[in-house]
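These notes are about the structure you will find just below.
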Amino acid sequence: MAVRGAGAPSPTAGFVPGWCSRWPPAKYVLRESDCPTASVPATSLDFPTVDLRRLADTGTAAEEEASKLPSALHSSTARRPRRSSIPTSWSPPPPPPAPAGGGGERFQFQPEGYGVDRVDTDEQVLDWCDRLCLEVSPPESRRLRFWPAHPPSLRRLLDEFTAASGDRVAAPLLAAMGRALEFPEDVFSGRLGGDRAATYARFTYYPPCPRPELVNGVKPHTDNSVLTVLLLDPDVGGLQLLSKRDGGAGGDEWVNVGGLGHNLLVIVGDEMEIMSNGVFRAPVHRVVMSVKERVSLVMFYLPEPERNLEPVEELVDEARPAMYRKLKADTFADGFFDAFAAGERAIDFLKLRVVHQEASASTS
Ligand SMILES: O=C(O)CCC(=O)C(=O)O
Ligand SMILES: [Fe+2]
């Protein structure tokens, strides 16, 4: 049944010393080919660190910081179509299959509160984590029944962190990304719905795992966000990005994200990939487990749910046609959960990519 956490054991609940030290519960055990160790051994990636105070400055200091942005956002290659092309026809994707065990009716997935993965099928392999997800902005959208009463300082601290991360990290970065493309700085932020734009906070607890090589902390995915701001455990690594080896010539490889200390990591989400018409790409990432426990706090910045999500017109012209189709942000969010449960990228699951044929080929 597609209700958050229904029928799904949680790794914390299942972690019984003695019993679990022999084997993780079968619901979490990956097929051999999907085990993190079955992929190329992960190397580490050096991240450029952007100083947000300098970025918010004027003049050369800000320009120097802004020049680090594309690589800092894992999108060093702006892959724009080079020749004039025309879109092929598109039929809307079929509705996703009804969840297993349901009577055919669709469930509205509620991402907030404590829980684990949404479970759609008996075969679905679960991620080795427990989460607490809360919509923190806009304030009138907060569903306080999901906010834990303990510790009592949580609400104040989350308020402070929400304000700081939004005003001092996400907003200046969005502005700098607009400027980096030589557009007005509100080219992206101006389309998110102003005060109605949504922010979700997700706390994830990864319990220690007796056989970390057999499970995913979080399966490979891209984020349902414009930008994601991550506060990671400074002592326990595990986050990996899928990166192009040798500038794309050598295929993909998993690289470790490490050495951030108390710096925040910012990554681009699917919605920025769509809005920027593929100039900024959402990186595929995952969390691999270790025998140590780990925590993270991740802030997802999204448009107002009623907004249309589409490439901004400044980045679309005949030489660079729209690479993604328009849809409402909340339709994308619903599709995202369907895609996540199926282990697919929402952009592909929802068939949002426009396949362009070269104009020269079609006119010859
Ligand atoms: O915990 C982490 O390091 C990353 C979690 C993540 O990718 C997510 O919540 O989308
Ligand atoms: Fe993520």
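Note that the structure is predicted; figures quoted are calculated from it, not measured. One-based numbering, in listed order, for ligands and for the atoms of each.
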Just let me know how [X] lines up against ligand 1, side chain, backbone, both or neither, with a heavy-atom cut-off below 4.0 Å.
X	answer
Arg286	neither
Asp223	side chain
His221	side chain
Val287	side chain
Phe203	neither

*Could you list the atoms of ligand 1 found under 4.0 angstrom from a heavy atom of His285?*
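Counting atoms of ligand 1 from 1, those under 4.0 Å from His285 are 7 (O).
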Residue and atom name of the nearest protein heavy atom (relative to [atom]), distance in Å to one decimal:
atom	value
atom 8 (C) of ligand 1	Arg202 NH2, 3.3 Å
atom 5 (C) of ligand 1	Tyr206 OH, 3.6 Å
atom 3 (O) of ligand 1	Arg294 NH2, 2.9 Å

*Distance under 6.0 Å and angle within 45° of ring axis: Arg118 vs Phe337*: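 Pair Arg118/Phe337 does not count as cation-pi.
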*Quick one: which of Asp348, Thr228, Asp270 gives a side-chain hydrogen bond (donor to acceptor under 3.5 Å, both in side chains) with Thr222?*
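Testing each of Asp348, Thr228, Asp270 against Thr222, the sole residue satisfying side-chain hydrogen bond (donor to acceptor under 3.5 Å, both in side chains) is Asp270.
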*Return yes or no for this condition: an N or O of Ser296 is under 3.5 Å from an N or O of ligand 1.*
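Yes, at least one N or O pair falls under 3.5 Å.
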*Would you indicate whether the side-chain heavy atoms of Thr199 and Glu135 approach each other to under 4.5 Å?*
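Not in contact.
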*Could you tell me whether the side chain of Met289 reaches within less than 4.5 Å of the side chain of Tyr206, counting heavy atoms only?*
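Of all side-chain heavy-atom pairs linking Met289 with Tyr206, at least one is under 4.5 Å.
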*To the nearest 0.5 Å, how far apart are CG in Asn216 and SG in Cys209?*
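Rounded to the nearest 0.5 Å, the CG-SG separation comes out at 10.5 Å.
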*Mind reading off the angle at the Fe ion (ligand 2) between the NE2 atom of His221 and the NE2 atom of His285, rounded to 10°?*
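Between NE2 of His221 and NE2 of His285, the angle at the Fe ion (ligand 2) is about 90°.
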*Can you find a side-chain donor-acceptor pair between Tyr324 and Glu310 that sits under 3.5 Å?*
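Per modelled atom types, Tyr324 and Glu310 side chains form no pair under 3.5 Å.
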*Using the ring of each side chain (for Trp, its six-membered ring), is Phe340 parallel, tilted or perpendicular to Phe336, with breaks at 30° and 60°?*
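It falls in the parallel class, under 30°.
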*asked:* Salt bridge check, Arg155 against Glu160: does any charged N sit closer than 4.0 Å to a carboxylate O?
replied: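 Here Glu160 does not pair with Arg155 in a salt bridge, since their nearest N and O are not under 4.0 Å apart.
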